[in-house]
Amino acid sequence: MLEYQISENTKEQLIRNPYNIIREYAEIRLTKVGRKVFSYLTLQPVSLVAPDIPIDEENTQANMHYLILGPPSSGKCVTGDTLIFNPANGYITSIKQIVDNKDYTISTMNDNLKIESQKPSEYIYQGKKMVVRIKTSSGKEIKVTPEHPFFTMEGWVKCEDLIIGEHIATPRILNYTPSTILEDYKIKLLAYILTDGSFSKNKTPNHSPSLVFHNSDKRLLDDFEDSALKFGNIKINKYKKDNVYGYQVTNKKKLCSLHPKVVNLLDFDGIHCQCGCGSVTNTTKQTYNKFGITKGCHNKYIVGHNLKKKRIFTRPLQNSASLWLNSIGIFHKNSYNIFVPQVIFQSTKENIALFLNRVYACEGWIDENCIGISSQSKEFIGQLQHLLLRFGILGRVRTKKGRYNGLPYQSHILTIYGHSNILNFYNEIGVLSKEHKFEIHIKKNMTLKCKTNVDIIPNFKPIICNEIKKEQIPYTYFGEVFNLKTPKRFWSYINKTHGKSANISREISQKISTHLKSEIIHIMSHNDIFWDKISEKEYIGEEDVYDLVVPNTHNFVANDIIVHNTSSAKIIRDIVPNPYIFQDITAAKLAMDMLG
């Protein structure tokens, strides 16, 4: 325990009021760290004697350290399953793994509200704490401690002070450097299997697993067949049922390997299957006779007297396509637990675009208002929403519950609204076999206004009004900019578009900003932020929580939401000489410790 050098007078003050430790020494108060004002944190220089604090006998000033006091749970944390995106390679992993490995690059928001890359300076496990689950209108979720701040139009606001309906900052685009390049045929086969594909149900060691793809669109069937054949030694078995074709992927040339137990008994590396499948070396008559092996059916051997006439089964090898899917963790997944493998997240934007193209070709739809896709896997839909952010495309996830064959049924739906988002999807990604639906949508919506109640800047209308007045520009000027029939009714047009709300659409704000000199209008209209509305807030109990300390910007992107740097005391330590930090300790407890 620390030994504090304090006077008898100080002891008396501490007994009466433990906070007098602050008044006993110089009045030094930290007022600002980054954007957040920590009025509750007080720094005081105190003389400390402890084994882990160096003492300089000749320099009393060197012995002076700063005591940092704060209320309990002032550290801000997120739960261990929070996913962090790495812009250095596209990788996504949990903050728990990041803290364990202590080497990662994160995305962070700078002072101009742009998303950039940064490496944390510290990785911290904070133990168990009460957490709150926050969900936004776009379907994003995150679990944080009540003290954890989110960025709003009013600045950083603690989670416990946020209300439903308030808007928080999320990234509208996530740039990255790819670390992997995949062949097109692998990407297409993966997309087809994750959507309209399935795996053979028979998983016994004596039957070779196979892939099956079902669809009624000839272009997609041909594309699947072409992709599968490029894996090599592939045979496609085709069948038709209820106007839907099934393409089964198997080995063109049967391959199987001898059970390892037989190999060990034979002690001969060259022997594989003697059934005539082709994966055999040294298949001469002498080899059969030497080991007393008699040809049996494809799946088993009758072993001679050398092995006490045991019946040993062979293990048929998977086809090359199945082997690759197995290597990335996809094989034998069903519609409830499918996911996007890491290799896709780390691949190029062209790879990701091709993957999304084929996924939407099978499971997606396009109508007059939106692009949509549904799945029974919540993880899969959330990952698609994240991949769209790589292209600056905003998606919204919702859950639909119902019953199927008398049993509860739940599906997760990802929709893309807004003409600009849909046009971006068409140009960057596209959908095989659905090009005509895109053209219909684009022609119909080319002259329509975008959905103004989604991509908005909250409470920004009064600020724009003040900036226009400040620059003394008449409203009729902007009425002409927006091609209004009655230019002088510009503000009536804005109010009609957005109602009584103080929000304004990003598109209108961008158009106005090009005619104003205001820096704030320009920054708020041209940044990397999408303002997402809080739809749910729920206290869910205690969980293990973790911290990152991000230099300079003091925030990072977690679960595709911008959250504040998680440990204020650690930040202070970097800017204050000789600090000694006490967190999660009451003043009374600290006073008792000091008094021994």
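In this chain, residues are counted from 1 in sequence order.
- Closest of all the heavy-atom pairs between Thr553 and Val550 is OG1-CG1, 3.5 Å.
- By the 30° and 60° cut-offs, the orientation of the rings of Tyr192 relative to Phe213 is tilted.
- Between Glu183 and Lys230, none of the side-chain N atoms (NZ, or NE/NH1/NH2) sits under 4.0 Å from a carboxylate O, so this pair counts as no salt bridge.
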Residue pair Asp532, Ser138: steps toward the side-chain hydrogen bond (donor to acceptor under 3.5 Å, both in side chains) verdict: CA-CA 7 Å; Asp532 208 348; Ser138 68; 2.3 Å; yes
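- In this structure, Arg390 satisfies the cation-pi test against Tyr176, with its NZ or CZ atom closer than 6.0 Å to the six-membered ring centre and inside 45 degrees of the ring normal.
- Remark: aromatic rings of Tyr239 and Tyr245 are distant, center separation not under 6.0 Å.
- The shortest heavy-atom contact between Val340 and Phe345 is O-CE1, 3.4 Å.
- Annotation for Arg489: atom CZ does not count as buried by contact number, only 12 or fewer foreign heavy atoms lying within 6.0 Å.
- Ring centroid separation for the pair Phe391 and Phe425 does not come in under the 6.0 Å cut-off.
- Ion pairing between Glu543 and Lys143 holds under the 4.0 Å rule for side-chain N and carboxylate O.
- The side-chain heavy atoms of His214 and Ser198, taken from C-beta on, include a pair separated by under 4.5 Å.
- The aromatic rings of Phe556 and His148 lie perpendicular to each other, with more than 60° between the two planes, well past the 30° mark.
- Taking the centre of each ring, Tyr426 and Phe438 come in below the 6.0 Å mark.
- The shortest non-hydrogen separation linking Leu182 to Asn351 is N-OD1, 2.9 Å.
- Ring-centre distance between Phe490 and Phe482: below the 6.0 Å cut-off.
- Remark: aromatic rings of His386 and Phe85 are close, center separation under 6.0 Å.
- With Arg358 as the fixed residue, the salt bridge (Lys or Arg N to Asp or Glu O under 4.0 Å) test singles out one of Asp223, Asp184, Asp196: Asp223.
- Other residues, nucleotides and ligands place more than 12 heavy atoms under 6.0 Å from the NZ atom of Lys349.
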